[in-house]
Amino acid sequence: MKKYILGMDRGVLFMLLASLSFAIMGGFAKTVSEVLPPVEVTFFRNVFGVAIVGFAIYKSPLKQIGGRPLLLLFRGVMGFMALLAYFYIIAYIPLGEAVTYNKTSPIFVAIFAYLFLNEKLSHIAILAIILGFIGIAFISIPSVGSFTFNKYTLLGIFSGLGAALAYTSIRELREYYDTRAIVMSFMGVGTLAPILLMLVTPYINAPKSLDFMFAEFIMPQGVIWLYVIIMGVSATISQVLMTKAYEYTKAGIVGTISYTNILFALIIGIALGDPIPTPLKVLGIILVIISGLLVAFSKEER
């Protein structure tokens with residue numbers, strides 16, 4: 001098995017491609033979000049994955065002992081809610097900032113691992129958490145001297161926090177379940193829950209603050225169908241490439257390379273019309289990246 005392709009480490013190359021694919025997914029999701037509600041975008045993001053993973057399970061049955069169905073459901077629900085929050089904010093804030101919020105998950109994973117898994121927090125990890133929250137504050141400042149803790153900020157933070165809860169649960173779930181079952185718990189909930197939410201929307205009077213969850217189905221028209229398909233396929237490709245990256249290279253190195261998706265997202269977002277981030281927001285993004293890298297390095301040391 002060759003570890004290098006054209007002189008580049010396979011894991012690094014796969015993670016670069018995964019990051020690019022993830023950013024492309026975000027770009028198309030941002031485009032279709034101008035027409036479709038976030039709950040519907042979430043549905044189309046997951047339904048392709050359900051088909052692919054479902055076929056893989058059909059061809060090769062699951063090998064697992066099971067026994068933790070509630071935790072498996074929790075992983076699926078938290079992953080779905082985090083993704084729903086992410087797709088909502090990318091419709092209203094620059095793509096690079098939305099991806100940065102999502103990439104705060106390692107900060108929260110470190111906190112949750114300390115709270116729920118009795119893992120120790122090193123001095124480096126504590127510094128990382130502090131820097132990460134300072135970075136979040138800078139990203140949330142629309143102008144000098146003005147801090148806005150608005151709905152987009154809250155949902156942006158939740159997209160990272162919810163993903164972290166889902167990732168933390170995986171640490172225990174992988175002892176009981178096949179990896180494909182864990183992935184399917186996320187994609188399955190991410191497909192069924194949006195259908196349910198869209199079906200009940202006409203019959204309830206949901207408050208405006210919950211508009212990211214409740215919306216009626218809008219049939220995609222014309223080129224939007226192509227965008228939806230590309231979004232779903234690129235999301236699945238990103239997952240496959242990321243999994244391959246972790247197979248070939250150390251997690252710390254792969255985790256470091258994964259932050260390139262912020263750069264890719266910034267470029268794609270600006271190409272789609274996002275404003276160039278202010279120096280303070282750039283500093284916030286850099287602090288979040290440094291925070292994530294410090295968390296990864298502290299894990300490698302352990």
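Only heavy atoms go into these numbers, but all of them, side chains included; no hydrogens, no water, no symmetry mates. All values derive from a computational prediction rather than experimental measurement.
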Can you find a pair of side-chain heavy atoms, one from [X] and one from [Y], that are under 4.5 Å apart?
{"X": "P38", "Y": "S33", "answer": "no"}
{"X": "V41", "Y": "I90", "answer": "no"}
{"X": "V109", "Y": "V295", "answer": "no"}
{"X": "L165", "Y": "M81", "answer": "no"}

List the atom of [X], the atom of [Y], and the distance in Å for their closest heavy-atom pair.
{"X": "I218", "Y": "E40", "result": "O-OE2, 2.5 Å"}
{"X": "K151", "Y": "S209", "result": "NZ-O, 3.3 Å"}
{"X": "V99", "Y": "N261", "result": "CG1-OD1, 3.5 Å"}
{"X": "L199", "Y": "P202", "result": "O-CD, 3.3 Å"}
{"X": "F74", "Y": "S169", "result": "CD2-CB, 4.3 Å"}
{"X": "G162", "Y": "A82", "result": "C-CB, 3.8 Å"}

**OP:** Test V189 against every option in V77, L83, L72 by the side chain to side chain contact (heavy atoms under 4.5 Å, CB included) rule and name the one that passes.
**Re:** V77

Out of curiosity, [X] [atom1] to [Y] [atom2], how far, rounded to the nearest 0.5 Å?
{"X": "M25", "Y": "I230", "atom1": "CE", "atom2": "CD1", "answer": "13.5 Å"}
{"X": "I195", "Y": "T42", "atom1": "CD1", "atom2": "OG1", "answer": "12.0 Å"}
{"X": "K281", "Y": "I285", "atom1": "NZ", "atom2": "CD1", "answer": "8.5 Å"}
{"X": "I257", "Y": "M242", "atom1": "CD1", "atom2": "CE", "answer": "14.5 Å"}
{"X": "T201", "Y": "L196", "atom1": "OG1", "atom2": "CG", "answer": "9.0 Å"}
{"X": "I262", "Y": "I289", "atom1": "CD1", "atom2": "CD1", "answer": "4.0 Å"}

Is a side-chain donor or acceptor of [X] paired with a backbone partner of [Y] at a separation under 3.5 angstrom?
{"X": "D274", "Y": "L95", "answer": "yes"}
{"X": "R180", "Y": "G54", "answer": "no"}
{"X": "S21", "Y": "A18", "answer": "no"}
{"X": "K103", "Y": "Y259", "answer": "no"}
{"X": "S105", "Y": "G160", "answer": "no"}

Original post:
So, do F43 and F80 have ring centers that fall under 6.0 Å from each other?
Top reply: no

Taking [Y] as the starting point, is it possible to reach [X] by hopping between hydrophobic residues whose side chains are less than 4.5 Å apart?
{"X": "L263", "Y": "Y86", "value": "no"}
{"X": "F108", "Y": "L71", "value": "yes"}
{"X": "L294", "Y": "I111", "value": "yes"}
{"X": "L192", "Y": "F217", "value": "no"}
{"X": "I286", "Y": "I267", "value": "no"}

Subject >> side-chain contact (heavy atoms from CB on, under 4.5 Å) assessment of V282 paired with F138 >> reply: CA-CA 8 Å; V282 171; F138 285 168; over 6 Å; no

Original post:
Hey, what else clusters with I270 if you join Ile, Leu, Val, Met, Phe, Trp, Tyr whenever side-chain heavy atoms sit under 4.5 Å?
Top reply: I276

Name every donor-acceptor pair, under 3.5 Å, that has one atom in a side chain of residues 222-229 and the other anywhere in the protein, sequence neighbours excluded.
residue, atom, partner, partner atom, Å
W225, NE1, P220, O, 2.8

How about [X]: does its [atom1] atom have over 12 heavy atoms from other parts shown lying under 6.0 Å from it?
{"X": "Y167", "atom1": "OH", "answer": "no"}
{"X": "F214", "atom1": "CZ", "answer": "yes"}
{"X": "I65", "atom1": "CD1", "answer": "yes"}

Original post:
Should the ring pair F116 and F112 be called parallel, tilted or perpendicular, given that the plane angle runs from 0 to 90° and is split at 30 and 60?
Top reply: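 F116 and F112: parallel rings.
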
**OP:** Check the angle between the aromatic planes of Y88 and Y152 and answer parallel, tilted or perpendicular using the 30° and 60° thresholds.
**Re:**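 Tilted: the ring planes of Y88 and Y152 meet at 30° to 60°.
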
Original post:
Can you name the side chain to side chain contact (heavy atoms under 4.5 Å, CB included) partners of L272, sequence neighbours left out?
Top reply: K30, T31, I268

**OP:** Report the residues that fulfil side chain to side chain contact (heavy atoms under 4.5 Å, CB included) with L20, sequence neighbours left out, ordered by chain and then residue number.
**Re:**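 Expected list: I24, F264.
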
**OP:** Could you list all the side-chain hydrogen bond (donor to acceptor under 3.5 Å, both in side chains) pairs where at least one residue sits in residues 44-64, not counting sequence neighbours?
**Re:** none

Original post:
Quick one: ring pair (Phe, Tyr, Trp, His ring centres under 6.0 Å) pairs with a partner in residues 170-209, sequence neighbours left out?
Top reply: none

**OP:** Would you sort out whether F14 and L16 count as a side-chain contact (heavy atoms from CB on, under 4.5 Å), showing the intermediate values?
**Re:** CA-CA 5 Å; F14 286 149; L16 282 171; over 6 Å; no

Original post:
Between V50 and M184, is a side-chain contact (heavy atoms from CB on, under 4.5 Å) present by the stated rule, with each step listed?
Top reply: CA-CA 7 Å; V50 167; M184 182 62 86; 4.2 Å; yes

